[in-house]
Amino acid sequence: MRLRKAAYVPAMLAISALSMTACSSGHSNKISGDTAKSSVQNFGVGTLADSTGPAQDVAGAKPGGVAHGIESAGFDYLDPGQIYVNEYQAVSQLYSRSLTGYKTDPATGKTILVGDLATDTGKMSDDGKTWTYTLKDNLKFEDGSPITAKDVKYGVERLYATYQDQGPTYVQTWLSGADYRKTYEGPYAGKELPDSLIGTPDDKTIVFHFKDAHADAPYAMAMPNITAIQKAKDDKEKYNDHPVSIGPYKIASYEKDKSLKLVKNPNWDPKSDPIRHQYVDSWEFELGITNPLLTQRLLAGNGDDKNALTLVQNADNPSIAKIQGDAATYKDRLINKFQPFVDTFDINTTRVTDPKVRKALALAFPRTQVQKLLGGSATGDVANNLISPTVSGWKDSDPLGLKAKPEGDPEAAKALLKEAGKENYPIVLAYANTPRWQPVAAAIQEALNNSGFKVDRKELDPTSYYSVVGKKDNQFDLYRTGWGADWPVASTVVPPTLDGRTVADGSPNYTHYNSATVNTEIDRINKIADVKTAADEWMKLADTALADVPKIPLTYDKFYQVYGAGLGGVAYNEVIGAVDVSSVFIKQ
């Protein structure tokens, strides 16, 4: 599964006192069997007390031992400035911190946004354009040097450098506009951003002055690239190999694509950290171990694997069946949680211009069959709209009327094509040429052909899949993509994927959908002062756009995997869609 979280034009929500201060409740995710059901999100914004360290002790936790990670791929980016993929976000929790961060309770699964380096989630002024953060006491780099406000400012300044091309762009864009690199080249020539953009009136205070109001700034400050960077240790691209720790662990060794070892950082003060513990002596990650071996090792739990987990890799289909067939054995070490991603099949609206044809495609699409081929309900519920259940404002809506027949309705599709005068309509279906997607493409072709279409399959190299379907002039009609919210507000979903003004090569608006009505609504909702109110409006707008059928909803993605029986304190962060390692300990 490749779900892209790419840089894009940021959300521009207006002011609010962040009315999402009360944590939502009622989520039905339970850690046993395939029980994750679409309901409501389980997150919120924490209080000053929630932001105050140390983190609450985990019942039964004792210090000592080595925790192990088994990952299917390498950690391409360890530099916090370059981290965007959720797997890298998860491991960075061990050695890095942001101004704000997510605290996950391993007992309840509740995830809340709290102050991390900062004393709280920020203080808003100037009608939402200015946000002020105060650093906590006794924050240090791994060599014992104190962390000051200027170190955080420097961390943001280096994001303007051209080599910093992988991380989120929210804060720098909010400060300097979409062409922010043209306004400032980064700190390496000796220049700083002016105080009018980022002020540091003293060692503990950092003030962001945005061009527009941004009510969801506290969430943007939780992105991994809004952190403190030690100027003296910054050697640009090479920093990726040895980032300086400000978290509970520091990097002891790193061999690209093979292994990563972290040991305790003696200069991390637990009293400053409400999120993380330092229970285990070290973490050892083994990289490049793919399924089915990865999951088989976790299931067997032999040797060091007894104390192992994987951050984002779902179990493979045969292993899912094995787990479900022996639920009693695995129920105490199984995670089954929603991810922030929604998988869709995108319709190229540049080529398929008739909404009736697009609606017929949606009616004909065999969503249930595809879901089963991808792992069944364990790894994704059939989706009826474009917003994940982990996102504020989500509703179980069905704007295309697909819920009644998720397996597809060939007769209704045929009737609609006949009404449109488009019988035997040709469709070019592009897919990644992998064992995972080959049978899916075949199933879709058969179902659509049986519904009045004439489908031609085009296989694509999986390594360049997104680059190819991301071309504005691509020659395909239908292709799968996925998108995950960067934080639990749909301002990070609707504008990037449905704003017609962003259509371009590489844009996440893969459908090229361009509706004047939707574009105008995006601008209106961006100005709504209250985040919760805006969340409801984003949900309505997503449904409005979907009624034009630029996409076919497929699944609300889930994580389904076991971890070693020797581990305790294992949690799951639904906001970033990865295992939360902050409270892990070795059972003794």
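Everything numeric in this text was worked out from a predicted model, so none of it was measured.
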| request: For Phe585 and Gly60, work out which heavy atoms get closest and say how close. | output: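 In terms of heavy atoms, the two residues are closest at CE1-O, 3.7 Å.
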
| task | Provide the closest heavy-atom pair for Ile335 versus Ala571 in the form atom of the first, atom of the second, distance. | result |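 Closest approach of Ile335 to Ala571, heavy atoms only: CD1-O, 4.3 Å.
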
So that I can tick it off, tell me whether [Y] and [X] are bridged by a salt bridge, with the cut-off set at under 4.0 angstrom between side-chain N and carboxylate O.
| X | Y | answer |
| --- | --- | --- |
| Lys540 | Glu521 | no |
| Lys238 | Asp79 | no |
| Asp116 | Arg276 | yes |

Sequence-distant partners of [X], side-chain contact (heavy atoms from CB on, under 4.5 Å), two or more places apart:
| X | result |
| --- | --- |
| Ala90 | Leu311, Ala578 |
| Asn265 | Glu142, Ser245, Lys250, Asn267, Trp268 |
| Ala55 | His277 |

List the atom pairs, donor and acceptor, that lie under 3.5 Å between side-chain atoms in residues 177-189 and the rest of the protein, sequence neighbours left out.
| unit_1 | atom_1 | unit_2 | atom_2 | d |
| --- | --- | --- | --- | --- |
| Arg181 | NH1 | Leu159 | O | 3.4 |
| Arg181 | NH1 | Tyr160 | O | 3.1 |
| Arg181 | NH1 | Ala161 | O | 2.5 |
| Arg181 | NH2 | Gln164 | O | 2.7 |
| Thr183 | OG1 | Tyr180 | O | 2.7 |
| Tyr184 | OH | Gly186 | O | 3.3 |
| Tyr184 | OH | Lys191 | O | 2.6 |
| Tyr188 | OH | Tyr163 | OH | 2.6 |
| Tyr188 | OH | Asp234 | OD2 | 2.6 |

| Regarding Lys558 and the six-membered ring of Phe338, is the cationic atom NZ or CZ under 6.0 Å from the ring centre and inside 45° of its axis? |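 Lys558 over Phe338 ring: yes.
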
Looking at [X] and [Y], would you say the former's side chain and the latter's main chain have a donor-acceptor pair under 3.5 Å?
| X | Y | answer |
| --- | --- | --- |
| Lys136 | Ser51 | yes |
| Trp131 | His214 | yes |
| Asn509 | Val503 | no |
| Ser582 | Lys103 | no |
| Ser507 | Thr502 | yes |
| Thr100 | Pro218 | yes |
| Gln82 | Asp165 | yes |
| Thr130 | Asp126 | no |
| Tyr249 | Val280 | yes |
| Thr492 | Asp486 | yes |

| field | Residues forming a ring-ring contact (aromatic ring centres under 6.0 Å, His included) with Tyr239, sequence neighbours excluded | value |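 Residues passing ring-ring contact (aromatic ring centres under 6.0 Å, His included) with Tyr239: His242.
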
| For Tyr95, what residues pass the ring-ring contact (aromatic ring centres under 6.0 Å, His included) criterion, not counting sequence neighbours? |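 Tyr95 satisfies ring-ring contact (aromatic ring centres under 6.0 Å, His included) with no residue once adjacent residues are dropped.
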
Do [X] and [Y] have side-chain N/O donor and acceptor atoms under 3.5 Å apart?
| X | Y | answer |
| --- | --- | --- |
| Asp343 | Tyr556 | no |
| Thr111 | Thr104 | yes |
| Asp269 | Ser272 | no |
| Asn526 | Ser491 | no |
| Gln278 | Asp273 | no |

| task | Would you check, one step at a time, whether the test ring pair (Phe, Tyr, Trp, His ring centres under 6.0 Å) holds for Tyr102 with Trp487? | result | CA-CA 10 Å; Tyr102 296 100; Trp487 52 78; 9.3 Å; no

Within the structure provided, determine whether [X] and [Y] are in side-chain contact (heavy-atom separation under 4.5 Å).
| X | Y | answer |
| --- | --- | --- |
| Pro495 | Ile522 | yes |
| Ser145 | Gln230 | yes |
| Asp241 | Leu78 | no |
| Met539 | Asn385 | yes |
| Val66 | Ile586 | no |
| Leu260 | Trp283 | no |
| Lys153 | Leu193 | yes |
| Leu99 | Leu135 | yes |

Between atom [atom1] of [X] and atom [atom2] of [Y], what is the distance when rounded to the nearest 0.5 Å?
| X | Y | atom1 | atom2 | result |
| --- | --- | --- | --- | --- |
| Ile147 | Thr227 | CD1 | OG1 | 7.0 Å |
| Glu87 | Leu287 | CD | CG | 8.0 Å |
| Trp538 | Leu386 | CH2 | CG | 13.5 Å |
| Leu175 | Ile198 | CG | CD1 | 5.0 Å |
| Ile275 | Arg97 | CD1 | CZ | 7.0 Å |
| Asn240 | Gln166 | CG | CD | 9.5 Å |

| Whether over 12 other heavy atoms sit under 6.0 Å from Lys231 NZ |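 Open: at most 12 neighbouring heavy atoms sit under 6.0 Å from NZ of Lys231.
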
| message | Can you confirm whether Glu237 is buried at CD, in the sense that more than 12 heavy atoms of other residues, nucleotides or ligands lie under 6.0 Å from that atom? | response |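 Counting other residues, nucleotides and ligands, CD of Glu237 exceeds 12 neighbours.
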
Considering residues at least two apart in sequence or located in another chain, which fulfil the side chain to side chain donor-acceptor pair (under 3.5 Å) criterion with [X]?
| X | result |
| --- | --- |
| Ser259 | none |
| Thr52 | none |
| Glu286 | Arg297 |
| Lys211 | none |

| Lys264: salt bridge (charged side-chain N to carboxylate O under 4.0 Å, His left out) partners, not counting sequence neighbours |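 Partners of Lys264 by the salt bridge (charged side-chain N to carboxylate O under 4.0 Å, His left out) criterion, ordered by chain and then number, come out as Asp281.
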
| task | Could you list all the side-chain hydrogen bond (donor to acceptor under 3.5 Å, both in side chains) pairs where at least one residue sits in residues 57-78, not counting sequence neighbours? | result |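 Pairs touching residues 57-78 that pass the test: Glu71-Thr310, Ser72-Gln313, Asp76-Tyr88.
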
| said: Would Thr205 and Val207 count as a side-chain contact (heavy atoms from CB on, under 4.5 Å) here? Give the steps. | reply: CA-CA 7 Å; Thr205 306; Val207 186; 4.0 Å; yes

| said: With a 6.0 Å cut-off on the ring centroids, do Tyr466 and Tyr510 count as close? | reply: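 They qualify: ring centres under 6.0 Å apart.
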
